[in-house]
Amino acid sequence: MQRRIAFALVAVAAVAATVAAIAAGGSGSDGPTSRTSAPTWNSVAPIFASKCAGCHTPGGIAPFSLRNAKTAAAYADRILAMTHLGKMPPWMPGRDSPSYLGQSQRILTAAEKQLIARWVRGGARIGDGNTVKPVGGRTKAPGTTMTLAPTKAYLPKPAVGGLDDYHCFLLEPHLTKDAYVTSAVIKPQRSTIVHHVILFEASGQNATDARRLNDASGGNGWTCFGGPGLSETHPTSDSASNDRLGAPPWISAWVPGHTNNDTPAGTGVLVHAGAAIVMQVHYNLIHKAQPDRSRAVIRFAPAATKLTPLETILVPAPVELPCPRSVHSTLCSRQVAVQEEIKKYGYNAGLIPSGLLYLCGKSLDNYPSNPASVKSLGTSCDRRVTRPLRIYGVAGHMHTRGFDIRIQLNGKTLLHIPRWNFHWQDAYYLAQPVDANVGDTIRVSCKFDNSPIRQPLVNGKLLKPRYVLWGEGTTDEMCLGLLQAAGR
């Protein structure tokens, strides 16, 4: 969101240049198409239904709908340019990444690109075109669907000196028996200000705490920087708790660009009878705050279905990004940066940078304070596997200065995104799950650019360079690998 204006200008220029090249018979063109021989909407609609309409749908994350023939025709030139350039549908993993479930539904074939090009060059004829519905996903996933939402809308309020608000809402599924979540579709009401959404299971004492916090606010949730703020959030001797770094179990999450909502066939996330669900919403208020009542559409399958229970494992790495050598400012002090984290997000936020250095066996000596270039600052963290695991899914998370993220198991790439885009994040399920054994190494590594032109855009202006740490805000940074795995 921060650099949307800059992205828009680049996109407009790219569209204009590409359309002109194709119209002139450049690469991707297979010659002129007469109107009488040109395809109609009915010819291209199946492509849009299977590979585009999941995002390009009314109220979806894309800027216009491709479920309607007239709307699609109005954006024909843009469609031609972006499909020709390979920008749409967005597929972020690099070629050195493994194969993922549903990958073929996210990449256009050469024949499909040619058909779209012929349709556009022939005048984007509508014919007797009808509205299409998205195709794909797991249509026979077991379970009963339930829509859960906070009892009332919430108007986000930024932290002192910041632009971000983390707010937790109580959702009550009223489960009388244990159940598996096999699908979770999170629907932000205000997508321009929602940075992420995480669903946590709150069972036992955590459920009691969550209900108490919600009652104390009159049913309007509670502020929750750093986590949902429940009692049972500290690591125990339980291996799963240590993998989560002490946080309550994740059920699902949403980030900009997220499309994978179903767990792989035969799997689910276990939620216990009587548990509450805490929905943490991170609001970034670069745009004007508006009342929000985001909701979650969750499919529950009975525990008797005997699915493989998945859990989320977090692998964070330190973030230590100094200012360019040419910049001299109090903002370039690491200590000032720590104090700003405390001011905005609380005392615990100021402990995270040092805590990550300790967790990953690193020190500030591993991060030069005055590097020759800040255009390729790197970080990484290795985590030892402490119990046999089967890894089903993988995801990565950075903010706006990041440009490359990689997650590996014993040096083998599980996910590599070489051209990170904050607006197109997702989780990826491996076509073939991978086994990890005790003593194996999981590594997350990230690259950042902290040069003046890579700063976040706020109210049309780039922020001044500063020392950047791991932080809760969108204008801070993160380096996080996430695995969805099951014990073996």
Novice: Does Leu101 reach the side chain of Leu430, with side-chain heavy atoms less than 4.5 Å apart?
Specialist: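 No, their side chains stay 4.5 Å or more apart.
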Novice: Would you name the heavy atoms of Glu472 and Glu341 that are closest together and state the gap between them?
Specialist: N-OE1, 4.0 Å
Novice: Does Pro188 offer a backbone N or O that forms a donor-acceptor pair with the side chain of Ser191 under 3.5 Å?
Specialist: no
Novice: If you define the side chain from C-beta out and look only at heavy atoms, does anything of Ser363 sit under 4.5 Å from Tyr358?
Specialist: no
Novice: I'd like to know if the side chain of Thr379 and the backbone of Pro318 have a donor-acceptor N/O pair within less than 3.5 Å.
Specialist: yes
Novice: Shortest non-hydrogen contact from Ile286 to Leu163?
Specialist: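 That would be CG1-CD1, 4.0 Å.
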Novice: Main chain of Thr259, side chain of Asn261: is a donor-acceptor contact present, judged purely on distance under 3.5 Å?
Specialist: yes
Novice: Treating Thr413 as the side-chain partner and Leu415 as the backbone partner, does any N or O pair qualify as donor plus acceptor under 3.5 Å?
Specialist: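 It does not hold such a pair.
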Novice: What about Tyr283 and His167, are their ring centers closer than 6.0 Å?
Specialist: no
Novice: If you round to the nearest 0.5 Å, how far is CH2 of Trp250 from OG of Ser252?
Specialist: 9.5 Å
Novice: Looking at Glu340 and Arg466, is there a salt bridge between them, counting it only when a charged N and a carboxylate O are closer than 4.0 Å?
Specialist: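 So Arg466 does not pair with Glu340 through a salt bridge.
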Novice: Of all the heavy-atom pairs spanning Pro93 and Ser97, show the shortest one and how long it is.
Specialist: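 Nearest heavy atoms, Pro93 then Ser97: CB-OG, 3.8 Å.
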Novice: Cys479: which residues meet the disulfide bond (SG atoms under 2.5 Å apart) condition with it, sequence neighbours left out?
Specialist: Cys446
Novice: Testing the basics here: between Gly481 and Ile407, what is the closest heavy-atom pair and its distance to 0.1 Å?
Specialist: CA-CD1, 3.7 Å
Novice: Before you tell me yes or no, could you show the steps for His56 and Phe64 under ring-ring contact (aromatic ring centres under 6.0 Å, His included), namely the whole-Å CA-CA distance, both residues' side-chain angles and the distance that decides it to 0.1 Å?
Specialist: CA-CA 6 Å; His56 286 270; Phe64 56 88; 4.8 Å; yes
Novice: Could you tell me if the side chain of Ser329 sits less than 4.5 Å from the side chain of Lys464, heavy atoms only?
Specialist: no
Novice: Pick from Val468, Asp449, Asp476, Leu469: which one makes a side-chain contact (heavy atoms from CB on, under 4.5 Å) with Leu321?
Specialist: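 It is Val468, the one option of Val468, Asp449, Asp476, Leu469 that forms the side-chain contact (heavy atoms from CB on, under 4.5 Å) with Leu321.
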Novice: What verdict does the salt bridge (charged side-chain N to carboxylate O under 4.0 Å, His left out) test give for Asp426 and Arg106, after you've listed the backbone C-alpha separation in whole Å, the side-chain angles of each residue and the deciding distance to 0.1 Å?
Specialist: CA-CA 12 Å; Asp426 211 343; Arg106 300 286 298 277; 3.2 Å; yes
Novice: Examine distances only and state if a side-chain atom of Lys51 and a backbone atom of Ile107 form a donor-acceptor pair shorter than 3.5 Å.
Specialist: yes
Novice: Whether the His195 and Thr474 side chains hold a donor-acceptor pair (N or O, under 3.5 Å, no angle test) is what I'd like checked.
Specialist: yes
Novice: Do Glu477 and Lys447 meet the salt-bridge criterion of a basic N to acidic O distance under 4.0 Å?
Specialist: no
Novice: Determine, step by step, whether Ile298 and Val181 satisfy the side-chain contact (heavy atoms from CB on, under 4.5 Å) criterion, reporting the C-alpha distance in whole Å, the side-chain angles of both residues, the deciding distance to 0.1 Å, and the verdict.
Specialist: CA-CA 7 Å; Ile298 302 175; Val181 172; 3.8 Å; yes
Novice: Quick one: side-chain hydrogen bond (donor to acceptor under 3.5 Å, both in side chains) pairs with a partner in residues 432-446, sequence neighbours left out?
Specialist: Asp382-Arg443, Arg384-Thr441, Arg390-Asp435, Asn410-Asp440, Asn437-Arg488
Novice: Going through the checks in order, is the salt bridge (charged side-chain N to carboxylate O under 4.0 Å, His left out) test met by Glu320 and Lys362?
Specialist: CA-CA 11 Å; Glu320 302 282 343; Lys362 296 180 181 294; over 6 Å; no
Novice: For Val438 and Thr386, what are the C-alpha separation, side-chain angles and deciding distance, and is it a side-chain contact (heavy atoms from CB on, under 4.5 Å)?
Specialist: CA-CA 5 Å; Val438 175; Thr386 59; 5.9 Å; no
Novice: How about Trp91 and Tyr428: are their ring centres within less than 6.0 Å of each other?
Specialist: yes
Novice: To the nearest 0.5 Å, what is the distance between OG1 on Thr400 and CG on Leu463?
Specialist: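 Here the interatomic distance stands at 8.5 Å.
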Novice: Go through the steps to decide whether Val394 and Leu482 satisfy the test side-chain contact (heavy atoms from CB on, under 4.5 Å), and finish with yes or no.
Specialist: CA-CA 6 Å; Val394 60; Leu482 304 96; over 6 Å; no
Novice: Minimum heavy-atom separation for Pro322 and Leu377, please, with both atom names.
Specialist: CD-CD1, 3.9 Å
Novice: Under a 3.5 Å distance rule, please check whether Ser50 uses its side chain to pair with a backbone N or O of Pro46 as donor and acceptor.
Specialist: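 Pair found, side chain donor or acceptor close to backbone of Pro46.
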Novice: With the side chain counted from C-beta on, respond yes when Pro90 and Asn421 share a heavy-atom pair under 4.5 Å apart, and no when they do not.
Specialist: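 SC-SC contact between Pro90 and Asn421 ruled out.
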Novice: Measuring only between side-chain heavy atoms, which start at C-beta, is Leu457 closer than 4.5 Å to Leu462?
Specialist: yes
Novice: Can you tell me how far apart CG (Asn284) and NE2 (His399) are? Round to the nearest 0.5 Å.
Specialist: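 Asn284 atom CG to His399 atom NE2 measures 9.0 Å (nearest 0.5 Å).
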Novice: Will you find, in the side chains of Gln189 and Arg295, an N or O donor that is under 3.5 Å from an N or O acceptor?
Specialist: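 Side-chain D/A pair, Gln189 to Arg295: absent.
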Novice: Between Pro452 and Pro324, is there a side-chain heavy-atom distance shorter than 4.5 Å?
Specialist: yes
Novice: Measure from the ring center of Phe225 to the ring center of Tyr166 and say whether it is less than 6.0 Å.
Specialist: yes
Novice: Roughly how far, to the nearest 0.5 Å, is OG of Ser354 from CG of Leu359?
Specialist: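 Separation between the atoms: 12.5 Å.
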Novice: Using the rule given for side-chain contact (heavy atoms from CB on, under 4.5 Å), can you reason through Gln484 versus Val269, listing the C-alpha separation, both sets of side-chain angles and the distance that settles it, and then say yes or no?
Specialist: CA-CA 10 Å; Gln484 271 203 299; Val269 179; 4.1 Å; yes
Novice: Should Asp96 and Arg406 count as an ion pair when the cut-off is N to O under 4.0 Å?
Specialist: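 Salt bridge present between Asp96 and Arg406.
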Novice: Consider only side-chain N and O atoms of Asp404 and His416, and report whether a donor and an acceptor are under 3.5 Å apart.
Specialist: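 Yes, because at least one side-chain N or O of Asp404 sits under 3.5 Å from a partner of the opposite role on His416.
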Novice: Okay, side chain of Gln425, backbone of Phe422: is any donor-acceptor separation there less than 3.5 Å?
Specialist: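 Yes, because the side chain of Gln425 sits within donor-acceptor range (under 3.5 Å) of the backbone of Phe422.
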Novice: Between Phe48 and Ile116, is any pair of side-chain heavy atoms under 4.5 Å apart?
Specialist: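 SC-SC contact between Phe48 and Ile116 confirmed.
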Novice: Looking at every heavy atom in both Gly396 and Ile405, which two are closest together, and how far apart are they?
Specialist: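 Closest pair (atom of Gly396, atom of Ile405, distance): CA-CD1, 3.7 Å.
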Novice: Is a side-chain N or O of Arg401 found less than 3.5 angstrom from the main chain of Thr475, in a donor-acceptor match?
Specialist: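 Present.
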Novice: As an exercise, state the distance from CD1 of Ile198 to CD of Gln280, rounded to the nearest 0.5 Å.
Specialist: 5.0 Å
Novice: Say you draw a straight line from SG of Cys52 to CG of Leu108; how long is it, rounded to the nearest 0.5 Å?
Specialist: 6.0 Å
Novice: Do Tyr429 and Tyr392 have their ring centres less than 6.0 Å from each other?
Specialist: no
Novice: Decide if the gap between the ring center of His258 and the ring center of His196 is smaller than 6.0 angstrom.
Specialist: no
Novice: Taking the side chain as C-beta and beyond, is there a heavy-atom pair between Ile391 and Leu409 under 4.5 Å?
Specialist: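 Yes. Closest side-chain heavy atoms under 4.5 Å.
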